[in-house]
Amino acid sequence: MSKKKKEINDSLIEELSKQVLSGKPLLGEDGILNPLIRQVLEKSLEAELEEHLRIESEPGNRKNGKGRKNVLSSNGGLEIFTPRDRNGSFEPQLIKKRQRSINGGLDTKILSLYGKGMSYRDIQSHIKEMYDAEIYAG
């Protein structure tokens with residue numbers, strides 16, 4: 001049985017292409033890849049919380065909104081929204097509590113995949129396999 005893959009929205013690809021043609025940088029704090037990195041991080045953290053809630057033994061624990069977090073990546077600062085659980089027992093592994101830097105981490109891996117010629121679709125598929133997270137532009 002084959003699974004239907006979600007693709008990154010064509011309008012996102014078109015918008016990124018326009019930004020590249022207009023001279024906007026790929027990398028750096030104002031780079032056009034920062035939104036992609038932010039989305040991958042947030043979706044991966046959501047998948048971690050879903051798994052935590054699925055296997056947790058405490059009844060009644062559930063999602064409890066999101067917190068704002070500023071992290072420093074090799075591309076500059078990123079503001080991400082991290083999910084929380086009601087009991088406060090969720091300990092994310094991708095970006096740990098109180099961790100403020102992801103230098104040399106996931107953002108570099110995502111950009112490395114892109115730099116090696118992987119398409120957005122391939123990166124999306126890879127993240128799906130690693131974190132079971134769907135990544136697409138809405």
Side-chain angles (χ1 to χ4, degrees):
M1 180 187 299
S2 71
K3 291 183 179 180
K4 185 177 177 181
K5 290 184 178 180
K6 288 186 178 182
E7 295 182 23
I8 293 178
N9 189 312
D10 285 341
S11 64
L12 173 63
I13 301 299
E14 187 175 313
E15 179 62 30
L16 291 174
S17 299
K18 285 179 186 177
Q19 290 180 27
V20 168
L21 291 173
S22 72
K24 191 166 182 184
L26 283 173
L27 306 175
E29 197 160 334
D30 294 326
I32 63 172
L33 293 179
N34 266 0
L36 176 64
I37 294 168
R38 181 180 300 111
Q39 187 177 24
V40 168
L41 293 173
E42 289 176 350
K43 291 290 185 179
S44 299
L45 288 167
E46 285 286 335
E48 278 191 55
L49 177 60
E50 290 288 334
E51 181 66 11
H52 169 74
L53 293 174
R54 187 183 70 75
I55 63 174
E56 186 180 52
S57 59
E58 290 184 45
N61 195 11
R62 60 180 187 259
K63 293 180 181 180
N64 190 30
K66 296 180 181 184
R68 183 177 298 182
K69 184 173 193 169
N70 291 309
V71 292
L72 183 61
S73 76
S74 58
N75 286 324
L78 284 173
E79 180 180 66
I80 61 172
F81 292 92
T82 59
R84 299 183 302 228
D85 67 330
R86 186 162 294 273
N87 294 348
S89 59
F90 175 54
E91 294 286 339
Q93 298 303 303
L94 181 64
I95 301 174
K96 298 185 185 306
K97 288 183 178 180
R98 293 172 290 287
Q99 180 180 345
R100 296 289 177 215
S101 175
I102 56 173
N103 285 333
L106 185 62
D107 66 325
T108 304
K109 291 174 188 167
I110 292 168
L111 293 175
S112 173
L113 294 172
Y114 181 79
K116 290 180 180 180
M118 265 186 126
S119 68
Y120 289 109
R121 181 187 295 172
D122 292 338
I123 294 170
Q124 175 189 23
S125 175
H126 189 64
I127 297 300
K128 171 68 175 160
E129 289 174 19
M130 287 173 37
Y131 297 103
D132 194 29
E134 297 288 340
I135 301 163
Y136 61 96

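Both backbone and side-chain heavy atoms feed into the values below; hydrogens, waters and symmetry mates do not. What you see is a predicted model, and the numbers here were worked out from it, not measured in a lab.
- A search for side-chain contact (heavy atoms from CB on, under 4.5 Å) contacts involving Lys96 returns Gln93, Gln99, not counting sequence neighbours.
- Screening residues 78-95 for salt bridge (charged side-chain N to carboxylate O under 4.0 Å, His left out), with sequence neighbours left out, gives Arg68-Glu79, Glu91-Lys97.
- Taking 4.5 Å as the limit, every side-chain heavy atom of Leu45 sits out of range of all side-chain heavy atoms of Lys43.
- In the hydrophobic clustering, Ile55 connects to no other residue, as no ILVMFWY side-chain heavy atoms lie under 4.5 Å from its own.
- No more than 12 heavy atoms of other residues, nucleotides or ligands shown are found within 6.0 angstrom of NZ on Lys66.
- For Ser17, the side-chain contact (heavy atoms from CB on, under 4.5 Å) partners are Ile13, not counting sequence neighbours.
- Counting only residues at least two apart or in different chains, ring-ring contact (aromatic ring centres under 6.0 Å, His included) contacts with residues 59-95 comprise His52-Phe90.
- The shortest non-hydrogen separation linking Asn34 to Gly77 is ND2-O, 4.2 Å.
- In this structure Arg54 satisfies the salt bridge (charged side-chain N to carboxylate O under 4.0 Å, His left out) test together with Glu51, sequence neighbours excluded.
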request  = Please assess Asn61 against Ser89 for the test side-chain contact (heavy atoms from CB on, under 4.5 Å), listing each intermediate value before the final yes or no.
outcome  = CA-CA 9 Å; Asn61 195 11; Ser89 59; 3.3 Å; yes

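- Considering only residues two or more places apart in sequence or on other chains, Lys63 meets the side-chain contact (heavy atoms from CB on, under 4.5 Å) condition with Glu46, Leu49, Glu50, Leu53.
- Interatomic distance, Thr82 OG1 to Leu94 CG, rounded to the nearest 0.5 Å: 11.0 Å.
- Contact check for Asn70 versus Ile80: no side-chain heavy atoms found under the 4.5 Å cut-off.
- Qualifying salt bridge (charged side-chain N to carboxylate O under 4.0 Å, His left out) partners for Glu42, counting only residues two or more places apart in sequence or in other chains: none.
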